[in-house]
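Heads up: numbering here begins at 1 and tracks the sequence.
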Amino acid sequence: MQKFNETLEEFNQEVGQLKEVSGAYKKLQHLTETYNVISKQFDENSKTLDKINELQKAQQEKVAQSLIELENSNKQNKTELAKLVEEKTDQIRKENKDFYKDLESTIKIKLDENKSEIKQVIENERNQIKQIFEIEFAKNTKELSHVIKAENKALKISVCVIGGLTLIICILSLIRLWI
C-alpha cells in the first residue's frame with residue numbers, strides 16, 4: 001500500500017509537471033499568435049510607408065516640374081519683355097523719324113515765306129518734341145517697370161508657395177516616419 005501511495009504521489013507529481021508543461025505550451029502558443037499579429041501589422045505598416053514614400057516622391061517630382069515650368073515661363077516672359085521693349089523703342093524711333101520728316105517738309109515750305117518766324121517756330125517745336133519724347137519715353141519706361149515688377153512679384157509668391165508646400169510635405173513625411 002505504501003508503494004501504491006508512492007506511485008500515486010509520483011503520478012500526481014507527473015500530472016503537475018504535465019500541467020506546467022501544458023501551461024507553458026499555451027503561453028508559447030499565445031506568444032506565437034501575438035508575434036504573428038505583430039508581424040502582420042509590421043508588414044502592413046511597411047507597405048503603407050512604401051506607399052507614402054511613393055506619394056511623396058510623386059509630389060516632389062510635381063513640385064520640381066512646376067518649378068521648371070515656372071522657370072521656363074519666366075525666361076519666356078523675359079524674352080517677350082525684351083522684344084516688347086525693343087519694338088517700342090523702334091516704334092518711337094520710327095515715329096520720331098516720321099515726325100521729323102513731316103516737320104522738315106513743313107519747315108521748308110514756311111522757310112521760304114518767313115525765315116525769322118520759322119526760326120522761332122523751329123525752336124519751339126524742338127522743345128515740344130523733346131518734351132513729348134521725354135514724356136512718352138518716361139511713360140513707356142514706367143509701364144515696362146510695372147510689368148517687370150508684377151512678373152517678379154508673381155514669381156516670388158509662386159516660389160514661396162511651392163517652397164512652403166515642399167517644406168510641409170517633408171515635415172509630414174518626417175513625422176510619419178517617427179510615428
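In this structure, F99 places its CZ atom where more than 12 heavy-atom neighbours from other residues, nucleotides or ligands lie under 6.0 Å away.
A side-chain donor-acceptor contact under 3.5 Å links S46 to the backbone of F42. The main-chain N or O of D102 is found under 3.5 Å from a side-chain atom of T106 such that the two form a donor-acceptor pair.
For the 3.5 Å distance criterion, the side chains of Q91 and E95 qualify, holding a donor opposite an acceptor. Side-chain atoms of Q41 and N45 form a donor-acceptor pair, as typed in the model, at a separation below 3.5 Å.
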Atom pairs and distances, side-chain donor-acceptor, residues 16-36, under 3.5 Å, sequence neighbours left out:
residue	atom	partner	partner atom	Å
T32	OG1	L28	O	2.8
T34	OG1	H30	O	2.9
N36	ND2	T32	O	3.4

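Within the 4.5 Å cutoff, the side chain of I129 has heavy atoms near those of the L103 side chain. Counting only heavy atoms from C-beta outward, the side chains of Q65 and E69 approach each other to under 4.5 Å. Here the side chains of L70 and I162 are in contact, with some heavy-atom distance below 4.5 Å. Under the 4.5 Å side-chain criterion, counting only non-hydrogen atoms from C-beta, Q56 is in contact with I169.
Residue V159 is not grouped with residue I168 when hydrophobic side chains (ILVMFWY) are merged at heavy-atom distances under 4.5 angstrom, including chains of intermediate members. L55 is not connected to L177 by any chain of hydrophobic side-chain contacts under 4.5 Å among Ile, Leu, Val, Met, Phe, Trp and Tyr, and they are in different clusters. V63 and V161 fall into different hydrophobic clusters, where Ile, Leu, Val, Met, Phe, Trp and Tyr side chains are chained together by heavy-atom contacts under 4.5 Å.
Interatomic distance, Q59 CD to S66 OG, rounded to the nearest 0.5 Å: 9.5 Å. To the nearest 0.5 Å, atom CD of residue E134 and atom OG1 of residue T141 are 11.5 Å apart. In this structure, OG1 in T48 is found 11.0 Å from CG in N53, a value given to the nearest 0.5 Å. Separating the CZ atom in R176 from the CG atom in L49 is a distance of 10.0 Å, to the nearest 0.5 Å. With values rounded to the nearest 0.5 angstrom, K139 atom NZ is found 10.0 Å from I132 atom CD1. Atom-to-atom distance recorded for K51:NZ and E54:CD is 8.5 Å, nearest 0.5 angstrom.
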Between E104 and K101, does the salt bridge (Lys or Arg N to Asp or Glu O under 4.0 Å) criterion hold? Intermediate values first, please.
CA-CA 5 Å; E104 183 182 3; K101 286 179 184 177; over 6 Å; no

CA sep, side-chain torsions, deciding dist, call: N152, I148, side-chain contact (heavy atoms from CB on, under 4.5 Å)
CA-CA 6 Å; N152 283 341; I148 290 170; 3.7 Å; yes

Hey, mind stepping through K153 and I157 against side-chain contact (heavy atoms from CB on, under 4.5 Å) and telling me if it holds?
CA-CA 6 Å; K153 186 175 183 180; I157 290 171; 4.1 Å; yes

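Remark: R93 engages D90 in a salt bridge, criterion side-chain N to carboxylate O under 4.0 Å. The pair K75-E71 meets the salt-bridge criterion, with a side-chain N (NZ, NE, NH1 or NH2) lying under 4.0 Å from an Asp/Glu carboxylate O. The pair E44-K47 fails the salt-bridge criterion, with no side-chain N (NZ, NE, NH1 or NH2) lying under 4.0 Å from an Asp/Glu carboxylate O.
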